[in-house]
There are 2 protein chains.
Amino acid sequence: MDIIKPSTIAGVMELLPDNQAVFDRMKNTIEDTFKDYGFLAIDTPVIEKNEILFAKGGGETEKQIFEIASDSKDMSLRFDLTVPLARYVSEHLSDLNFPFKRYQIGKVYRGERNQKGRYKEFYQADIDIIGNNSLSIYNDALLARVIFEAFTRINFPNITFHINNRKLLNGFFNSIDIEDSTEVLRTIDKKDKIGLDKTRDLLIDLIGEKKADKTLEFINSSEDNEKVLENLAAFAGNDLYLEGLEELKTVYEYMVKFGVADKNIKIDLAITRGLDYYTSTVYETFIDGYESIGSVCSGGRYENLASNFTKQNLPGVGMSIGLTRLFYQLQELGLVEEEKSSKIDLLILPMDKEFNFYAIDVLYKLKDLGKKADIYLETGKFKKKINFADKINAKYAVIIGEEEASKNEVSIKNMETGEQFNKSLENLDF
Amino acid sequence: MDIIKPSTIAGVMELLPDNQAVFDRMKNTIEDTFKDYGFLAIDTPVIEKNEILFAKGGGETEKQIFEIASDSKDMSLRFDLTVPLARYVSEHLSDLNFPFKRYQIGKVYRGERNQKGRYKEFYQADIDIIGNNSLSIYNDALLARVIFEAFTRINFPNITFHINNRKLLNGFFNSIDIEDSTEVLRTIDKKDKIGLDKTRDLLIDLIGEKKADKTLEFINSSEDNEKVLENLAAFAGNDLYLEGLEELKTVYEYMVKFGVADKNIKIDLAITRGLDYYTSTVYETFIDGYESIGSVCSGGRYENLASNFTKQNLPGVGMSIGLTRLFYQLQELGLVEEEKSSKIDLLILPMDKEFNFYAIDVLYKLKDLGKKADIYLETGKFKKKINFADKINAKYAVIIGEEEASKNEVSIKNMETGEQFNKSLENLDF
């Protein structure tokens with residue numbers, strides 16, 4: 001028979017069991033944190049109708065959608081978890097309690113070009129809080145606290161939330177007579193990539209030197225948070241500006257009250273996050289000392305989640321962790337703790353099949369004692385068996401041969417120290 | 001803006017949060033059981049290369065594969081978890097420990113026609129044990145025990161494993177001079193659907209009346225297991241037959257030893273499970289009293305997992321639960337326990353935003369006490385707030401108004417009994 005070389009498609013992350021265990025622990029810890037704050041799980045299909053996925057239309061993402069080549073050609077793989085959320089909430093409006101706090105951790109699909117660290121299939125971990133007609137601004141701070149706790153629990157307590165407010169930004173632009181701020185925002189968003197000089201040049205082309213410098217001065221918030229807020233209050237902005245400032249101040253103060261320390265927050269007026277979706281708070285999150293890997297959790301507040309699917313006004317706030325990319329980057333940096341995939345502490349090794357039944361008795365006695373025990377039932381020499389116990393990282397090998405079985409005992413070998421001792425079947429605990 | 005009616009594609013299961021919680025608990029309980037027996041998680045991509053998925057070729061499944069309509073048209077969605085397992089094990093042969101015990105719980109995709117209870121996207125929960133060159137027959141019994149424990153833990157302890165052995169069947173057919181048993185096996189497999197008379201008619205067409213009746217007599221194992229084994233031992237079969245009988249007997253005896261009671265096992269010679277994949281043990285599993293919903297967990301032993309991808313001989317044994325279909329059927333039968341999606345026991349209700357900071361202090365004091373507490377930060381009247389606590393099924397509402405805040409107290413309302421009592425901030429435990 002012809003052998004086909006076994007391989008995955010390019011641009012997916014597939015892990016060996018030990019790494020899978022690390023990834024799963026990270027994923028489960030994040031999930032547990034979400035649950036502890038009352039977020040509810042939803043699990044939407046990976047395949048959605050094209051009319052849902054393409055409802056918003058336009059943009060880079062659309063080009064990356066994987067369509068299904070079925071007869072009808074009317075469905076594709078989801079490219080994020082936000083569009084499915086919008087569809088889900090609109091579809092089940094009357095069955096949900098608002099504010100609806102949901103989380104979803106699932107795979108999404110994008111036809112990215114093959115490139116290191118770019119994935120065609122990757123996990124996103126999303127939390128959103130959706131209101132029906134209204135949603136208090138305090139949720140924006142709560143969300144940051146939840147993310148802060150999630151990162152702390154996966155051993156990254158040193159992260160910094162960069163927060164900003166789109167109303168404040170737009171209010172500022174209105175105040176200095178910039179009518180269409182779209183391109184300006186896009187340019188600012190690139191500042192960290194292209195550098196300050198290039199940003200200034202581009203801004204001068206767009207709005208002239210005077211406004212460019214005003215803008216750059218405005219977004220340069222290198223001082224401490226309280227001082228930045230003071231400076232912002234000193235600027236004579238319009239109503240939108242003042243509304244944004246009040247929101248930003250409230251989010252900052254509530255974040256601190258929710259236990260995100262001031263040192264973990266940076267009011268950063270250069271954070272803009274995309275262009276038309278977010279309408280108020282925006283966040284990006286960086287791991288301290290590893291800012292170069294980019295934001296590990298981003299999001300913001302939107303005025304209306306699902307205007308394509310319902311006339312009901314659904315304001316919300318959400319954050320998203322790109323789990324696959326995060327895991328890849330932490331691995332590259334050597335920041336992922338190693339873990340053994342097997343959770344078995346004691347591996348029972350009958351030396352011959354005639355002791356199998358006795359060994360099964362031992363297995364269930366150990367399990368009844370709450371031990372994590374398993375049994376090895378293959379034929380082979382002692383060395384092969386003990387090697388297997390070693391490979392799966394068992395703490396103890398429970399050896400059962402002629403002598404042990406005849407005395408109703410087992411011989412327990414500590415795999416780390418080599419120490420060996422006997423226990424009777426009636427008293428297996430140690 | 002035009003409103004697009006929000007809906008999923010047909011043939012997917014999407015649950016509201018309460019049902020999602022029930023489904024997730026079932027899924028997690030099954031997963032925990034697998035882990036307790038040393039099975040390791042793997043997570044393969046949903047998209048595989050066509051050359052992998054189509055490697056075996058032919059069959060009904062191939063027609064149901066969802067291909068991706070990308071430029072290259074060379075990838076599709078997985079239709080089961082077995083082909084990806086074969087690819088994974090062959091690809092990572094030198095990095096795995098054998099016997100390799102893996103589980104995978106994931107979504108698979110089939111272009112099923114729209115029909116109630118048929119799914120285009122559904123969860124499978126698979127466990128397999130893969131040997132490198134050899135794998136002891138005892139694993140076949142262990143696997144049944146693991147499945148038995150999983151079903152017991154999700155509150156279905158009354159299930160019956162129907163077990164058979166393909167060597168025994170083929171040995172029998174050889175012995176009565178049926179050379180090609182493919183069609184005979186296919187006919188027997190349909191017996192429960194088409195009835196005994198129709199089966200006999202079909203068998204007579206295939207192999208004549210005498211052999212048809214011999215076959216029907218052989219597969220009619222209505223007696224108790226010990227008696228069936230006795231009868232089988234009395235038949236003068238060839239070597240293959242005797243090998244199969246010995247295996248079947250061993251699997252049965254070890255299943256009992258592993259704690260699957262005799263009443264939960266039926267040696268059933270009419271169980272054939274597909275045609276070319278399985279080579280020894282085959283199983284189907286039925287919920288007692290609900291046999292009509294069909295087998296809820298099936299599988300068997302195969303001689304070689306991955307002959308398309310490696311020259312290494314990889315014998316294995318596996319079982320698979322079709323989780324989505326199982327959940328649907330249990331729901332239809334009213335056998336799924338209801339559950340509230342929210343895990344929050346205490347919901348804190350500040351009566352006005354001026355008490356928010358105090359309420360956040362209360363939240364973290366309660367969390368420090370190990371309580372499952374959350375906070376409600378929307379504006380509104382008392383009734384709206386207490387209604388929300390009721391809707392998410394909180395056991396207690398923790399009410400904070402003017403009086404409570406001024407005294408450094410909270411008022412705790414038992415949502416079931418209506419009983420209300422005060423606690424001080426210093427001593428919140430109750």
Side-chain angles (χ1 to χ4, degrees), chain A residues 1 3-4 6-9 12 14 16-17 20 24 35 37-38 40-49 51 55 66-70 75 87 90-92 95 97 99 107 111 121 136 138-139 257-259 307-311 341-344 356-357 360 364 374 377-379 388 391-392, chain B residues 1 3-4 6-9 12 14 16-17 20 24 35 37-38 40-49 51 55 66-70 75 87 90-92 95 97 99 107 111 121 136 138-139 257-259 307-311 341-344 356-357 360 364 374 377-379 388 391-392:
Chain A
M1 192 185 297
I3 298 292
I4 298 159
S7 64
T8 65
I9 63 165
V12 294
E14 180 170 88
L16 284 167
Q20 188 68 52
D24 288 351
K35 280 186 190 165
Y37 280 88
L40 310 181
I42 72 169
D43 183 4
T44 64
V46 167
I47 304 176
E48 294 269 359
K49 290 181 181 175
E51 63 183 42
F66 282 120
E67 281 195 78
I68 300 286
S70 74
M75 41 191 190
R87 197 261 310 141
S90 330
E91 188 174 347
H92 304 294
D95 293 311
N97 300 318
K107 290 175 170 178
E121 173 186 87
S136 85
Y138 315 118
N139 291 287
K257 184 65 201 174
F258 269 117
S307 56
N308 295 301
F309 307 133
T310 175
K311 288 185 172 163
S341 48
S342 172
K343 295 288 166 282
I344 297 304
N356 281 355
F357 272 32
I360 294 170
Y364 285 99
D374 194 19
L377 292 169
E378 302 309 300
T379 55
F388 186 78
K391 276 185 190 164
I392 68 160
Chain B
M1 192 185 296
I3 298 293
I4 297 159
S7 64
T8 65
I9 63 165
V12 294
E14 180 170 88
L16 285 167
Q20 188 67 54
D24 287 351
K35 279 185 190 165
Y37 280 87
L40 309 180
I42 72 169
D43 182 5
T44 64
V46 167
I47 304 175
E48 295 268 359
K49 290 182 181 175
E51 63 184 43
F66 281 119
E67 281 195 78
I68 300 286
S70 74
M75 41 190 190
R87 197 261 311 141
S90 332
E91 187 173 347
H92 304 294
D95 293 311
N97 299 318
K107 290 175 171 179
E121 172 186 88
S136 86
Y138 314 118
N139 291 287
K257 185 65 201 173
F258 269 116
S307 56
N308 294 301
F309 308 132
T310 175
K311 287 185 173 165
S341 48
S342 173
K343 295 289 166 284
I344 297 305
N356 280 355
F357 272 32
I360 294 170
Y364 285 100
D374 195 17
L377 292 169
E378 302 310 300
T379 54
F388 185 78
K391 276 185 191 165
I392 69 160

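By convention in this document, chain letters (A, B, ...) are assigned in the order of the sequence lines, proteins followed by strands, and residues within each chain are numbered from 1.
Between chain A and the options B:T310, B:T379, B:V46, heavy-atom pairs under 4.5 Å are most frequent for B:V46. Per-residue heavy-atom pair counts under 4.5 Å with chain B were compared for A:E91, A:K391, A:K343, and the maximum is reached by A:E91. For chain A, the option among B:P99, B:G38, B:P6 with the highest count of heavy-atom pairs below 4.5 Å is B:P6. Among B:F258, B:F388, B:F357, B:F66, the residue with the largest count of heavy-atom pairs under 4.5 Å with chain A is B:F357. Between chain B and the options A:I42, A:V12, A:D43, the largest number of non-hydrogen pairs under 4.5 Å is found for A:D43. When the candidates A:P45, A:S341, A:G111 are compared by the number of heavy-atom contacts under 4.5 Å with chain B, A:P45 comes out ahead.
Nearest heavy atoms, B:I47 versus A:E121: N-OE2, 4.1 Å.
Under 4.0 Å is where a charged nitrogen must lie from a carboxylate oxygen, and between A:D24 and B:K35 no such pair does.
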>> Using the rule given for side chain to side chain contact (heavy atoms under 4.5 Å, CB included), can you reason through B:K107 versus A:K107, listing the C-alpha separation, both sets of side-chain angles and the distance that settles it, and then say yes or no?
In response: CA-CA 11 Å; B:K107 290 175 171 179; A:K107 290 175 170 178; over 6 Å; no
>> Please evaluate residues B:T8 and A:R87 with respect to the criterion side chain to side chain contact (heavy atoms under 4.5 Å, CB included), reporting the C-alpha separation (whole Å), side-chain torsions for both, the decisive distance (0.1 Å), and the verdict.
In response: CA-CA 8 Å; B:T8 65; A:R87 197 261 310 141; 3.3 Å; yes
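The side-chain heavy atoms of A:I3 and B:K311, taken from C-beta on, include a pair separated by under 4.5 Å.
Heavy atoms closer than 4.5 Å to chain A are found in both the backbone and the side chain of B:E51. Heavy atoms closer than 4.5 Å to chain A are found in the side chain of B:I344, but not in its backbone. Only the side chain of B:L40 comes within less than 4.5 Å of a heavy atom in chain A; its backbone stays farther off.
Here A:I9 contributes atom CD1 and B:M75 contributes atom CE; the two are 5.0 Å apart, rounded to the nearest 0.5 Å.
In this structure, A:Y37 and B:Y364 have tilted ring planes: the angle between them lies in the 30° to 60° band.
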